[in-house]
Enquirer: 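Submitted below is the structure of interest, expressed as structure tokens.
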Amino acid sequence: MADVTETTGASTSEDKQPVVPEPKRLWSEEVEDEEVQQSTSEEKAVSELNVDALAIDENKKVNKFLDEPEDSRIQAVTTGDTPYTSASTFEDLNLSPELLKGLYVEMKFHKPSKIQAISLPMIMTPPYKDLIAQAHNGSGKTTCFVLGMLSRVDPKLQRPQALCICPTRELSIQNMEVLLKMGKYTGISSECAVPIESGNNDRSRSRPPISAQVVIGTPGTIKRLMSQKKLGVADMKVLVFDEADHMLAKDGFQDDSLRIMKDIQRFNSHCQVLLFSATFDEAVKNFVSKVVKDYNQLFVKKEDLSLESLKQYKVNLPDELAKIQVVRDRILELGENIGQIIIFVNTKHSAKMLHQSLVDLGYEVTTIHGALNLEDRDKIVKEFKDGLTQVLISTDVLARGFDQQQVNLVINYDLPVKFENRSEPHYEVYLHRIGRAGRFGRKGAVFNFIMTDHDLMIMRKIESYFNSPVAEIPSWNSEEDFKVALKAAGLL
DNA sequence: AAAAAAT
């Protein structure tokens with residue numbers, strides 16, 4: 001899909017492969033009127049935005065990995081009487097010339113994407129209300145909050161004014177890369193607040209105070225910097241939680257996130273809070289609504305969340321050996337020309353075992369999980385993003401946000417289940433994992449490995465939850481069946 | 001009991 005709405009990854013990919021043709025997306029103007037429509041009974045205005053009226057330039061639909069974006073409805077709920085007009089161009093947003101130049105020249109954007117068009121005015125219009133924004137995987141959420149942060153920073157004030165908190169080190173770094181690119185001409189300073197070196201804590205302890213205007217990092221490091229008074233919050237204007245549902249979940253980073261939020265609000269009650277994610281389950285949605293106040297919200301129905309450009313499959317397998325065999329004979333051999341592949345497993349142990357098996361068979365795969373030291377993690381991610389490796393085995397460390405446009409195939413070697421109740425699928429993790437393929441409307445495929453009755457039950461629950469049937473590959477040891485599936489997904 | 005971030 002066009003890089004119009006692309007968030008990240010373009011940085012590493014564009015220079016190395018033929019530039020993807022850009023279908024033009026033109027959002028119809030009538031979106032605006034509906035969006036600000038107010039309900040009479042309450043303060044809240046609920047409106048269904050039918051934003052599928054987009055035009056694609058037929059002549060440019062040439063890349064085989066591109067497809068039309070799914071049409072979906074984003075439900076907008078605004079409070080109060082602040083009118084928001086959807087931005088049909090970036091000029092509508094009153095951005096600085098330097099920032100506009102970054103959008104056009106560096107990011108190669110032409111027009112705001114759907115989520116950008118709706119959310120940016122909400123972020124950038126006084127009184128700068130808080131925002132909970134849900135949007136599809138690979139639809140451009142990162143650019144929304146990066147642009148939001150850059151546009152709200154006062155370039156003349158050399159102090160931290162925007163803070164973004166992410167669940168992993170990798171995601172922080174990736175978001176920083178987007179910020180650097182988009183903000184290239186603005187002169188706005190930035191710093192990544194993540195652990196620096198593994199094994200040696202001395203260096204990170206002696207980290208100097210942060211004066212950068214935008215800070216992006218992980219919860220622990222940010223918390224420590226704040227408690228050490230090395231990260232001042234007095235001038236903080238925007239606080240962003242990327243993957244916000246996870247950042248505010250009980251089994252996620254709820255404690256750290258609340259602590260950081262409260263520390264900022266104690267000194268600074270008017271700091272705008274922005275929550276972005278592709279998923280917000282009911283429990284988190286409920287909790288989140290108590291954390292932020294007087295907020296606008298954008299939501300997508302869970303049935304509309306599966307990307308239509310992604311073909312999902314399930315493969316029935318008799319045993320563990322067959323799993324390895326399928327990866328070897330059907331994925332690694334057949335998949336040579338289908339772009340990059342991520343294989344998700346549930347545990348670090350599982351990652352190591354699979355890695356060893358494939359290496360023993362003579363295949364080149366790399367593996368990432370949280371037990372590796374930071375240097376190795378950086379190296380493996382960089383090699384994958386540079387296209388030097390084709391197959392990456394990963395735990396859920398990369399389940400969320402990881403943006404590599406050449407990933408066309410995701411394999412759920414283990415199906416994601418809830419930790420506290422293993423007979424419940426982890427719907428959110430499932431959605432995030434498969435969202436690593438089909439970035440930005442590209443075509444992609446997902447193979448779910450089904451070995452036990454339990455797996456089958458989990459798979460069925462996932463299908464019904466998202467109301468999206470998953471086709472079955474008739475025979476796990478038929479090369480033809482896999483070819484047919486990959487062809488149907490548009491990858492062969 | 002998991003993953004991740006950190007102490």
Side-chain angles (χ1 to χ4, degrees), chain A residues 163-176 192-207 215-228 230-231 240-261 263 277 279 281 284 342-355 367-378 380-381 392-402 410 412-433 435-436 454-455 458:
Chain A
L163 178 60
C164 172
I165 308 176
C166 316
T168 63
R169 192 167 173 279
E170 282 71 19
L171 196 48
S172 302
I173 295 168
Q174 182 180 281
N175 288 340
M176 181 55 80
C192 224
V194 297
I196 304 169
E197 272 178 33
S198 53
N200 178 7
N201 281 334
D202 292 353
R203 259 190 76 167
S204 43
R205 283 219 181 96
S206 64
R207 190 197 285 258
V215 178
I216 301 178
T218 43
T221 302
I222 287 173
K223 217 174 58 173
R224 204 188 64 225
L225 287 168
M226 282 173 54
S227 69
Q228 293 174 341
K230 287 181 177 175
L231 175 56
V240 179
F241 288 99
D242 193 9
E243 307 298 344
D245 59 327
H246 188 237
M247 299 308 292
L248 289 162
K250 202 88 179 85
D251 68 344
F253 295 99
Q254 190 179 87
D255 293 345
D256 288 346
S257 296
L258 287 182
R259 168 79 185 280
I260 291 168
M261 206 186 292
D263 279 0
S277 183
T279 54
D281 72 24
V284 174
I342 300 182
I343 305 177
F344 281 108
V345 293
N346 284 354
T347 65
K348 287 178 273 205
H349 180 69
S350 183
K352 288 173 201 160
M353 298 302 284
L354 179 58
H355 180 93
T367 300
I368 186 168
H369 53 73
L372 300 181
N373 67 50
L374 301 179
E375 291 79 3
D376 288 346
R377 280 169 64 161
D378 288 346
I380 284 158
V381 167
L392 180 60
I393 300 167
S394 176
T395 59
D396 285 327
V397 64
L398 294 189
R400 286 170 173 265
F402 183 70
V410 163
N412 280 318
Y413 192 88
D414 304 323
L415 292 177
V417 290
K418 292 235 168 83
F419 180 56
E420 61 280 4
N421 177 5
R422 306 182 75 84
S423 56
E424 266 300 290
H426 204 313
Y427 302 107
E428 288 72 32
V429 169
Y430 180 81
L431 198 85
H432 284 280
R433 281 184 180 182
R436 294 322 98 211
H454 184 260
D455 290 339
I458 297 289

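If you're wondering where the values come from, they're calculated on a predicted model, not measured in any experiment. Order of the sequence lines fixes the chain letters, A, B, ..., with proteins taken first and strands second; residue numbering starts at 1 for each chain.
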Enquirer: Listing request: all salt bridge (charged side-chain N to carboxylate O under 4.0 Å, His left out) pairs with a residue in residues 415-425 of chain A, at least two apart in sequence or in separate chains.
Expert: A:E424-A:K461
Enquirer: Quickly work out the A:R400 CZ to B:dA5 C1' distance and round it to whole Å.
Expert: 15 Å
Enquirer: Nearest-Å distance, CD1 (A:I222) to P (B:dT7)?
Expert: 13 Å
Enquirer: As a test of reading the structure: which of B:dA5, B:dA2, B:dA6 is closest to the side chain of A:T347, going by heavy atoms?
Expert: B:dA2
Enquirer: So does A:K418 get a side-chain nitrogen or oxygen closer than 4.0 Å to the phosphate oxygens (OP1/OP2) of B:dA2?
Expert: no
Enquirer: Nearest to the A:H246 side chain among B:dA6, B:dA2, B:dA3, which nucleotide is it?
Expert: B:dA3
Enquirer: Given A:H246 and A:S277, is the side chain to side chain donor-acceptor pair (under 3.5 Å) satisfied, shown in steps?
Expert: CA-CA 9 Å; A:H246 188 237; A:S277 183; over 6 Å; no
Enquirer: Does B:dA4 have OP1 or OP2 under 4.0 Å away from a side-chain N or O of A:T395?
Expert: yes
Enquirer: Is A:R259 salt-bridged to A:D263, cutoff N-O under 4.0 Å?
Expert: yes
Enquirer: Whole angstrom is fine here: how far is it from CD1 in A:I165 over to P in B:dA6?
Expert: 11 Å
Enquirer: Between A:R433 and B:dA3, is there a side-chain N or O to OP1/OP2 distance below 4.0 Å?
Expert: no
Enquirer: Expressed in angstrom and rounded to an integer, what is the separation of A:K352 atom NZ from B:dA3 atom P?
Expert: 9 Å
Enquirer: In terms of side-chain heavy atoms of A:R224, which of B:dA3, B:dA5, B:dT7 is nearest?
Expert: B:dT7
Enquirer: Identify whether any heavy atom of A:K223 sits under 4.0 Å from a base atom; if not, whether one sits that close to sugar-phosphate; answer base, sugar-phosphate or nothing.
Expert: nothing
Enquirer: Should A:T221 be listed as having a side-chain N or O under 4.0 Å from OP1 or OP2 of B:dA6?
Expert: yes
Enquirer: Within the pair A:T168 and B:dA3, is there a side-chain N or O less than 4.0 Å away from OP1 or OP2?
Expert: no
Enquirer: Whole Å only: how far is the CZ atom of A:R259 from the P atom of B:dA5?
Expert: 19 Å
Enquirer: Picking from B:dA5, B:dA2, B:dA4, which would you name as closest to the side chain of A:R169?
Expert: B:dA5
Enquirer: Which of the following nucleotides, B:dA6, B:dA2, B:dA4, is nearest to the side chain of A:F419?
Expert: B:dA2
Enquirer: Just the rounded figure in Å: distance from P of B:dA4 to CD1 of A:I368.
Expert: 9 Å
Enquirer: Using a strict cut-off of less than 4.0 Å between a Lys/Arg side-chain nitrogen and an Asp/Glu carboxylate oxygen, indicate whether A:D245 and A:R400 qualify as a salt bridge.
Expert: yes
Enquirer: Would you mind reading off the distance between A:L171 atom CG and B:dA4 atom P, rounded to a whole angstrom?
Expert: 14 Å
Enquirer: Determine whether A:D396 and A:H426 make a side-chain contact, defined as any pair of heavy atoms from C-beta on separated by less than 4.5 Å.
Expert: no
Enquirer: Measure from NE2 on A:H432 to P on B:dA3 and round the result to the nearest Å.
Expert: 19 Å
Enquirer: Looking for any heavy atom pair under 4.0 Å, which part of the strands does A:D256 touch: base, sugar-phosphate only, or nothing?
Expert: nothing
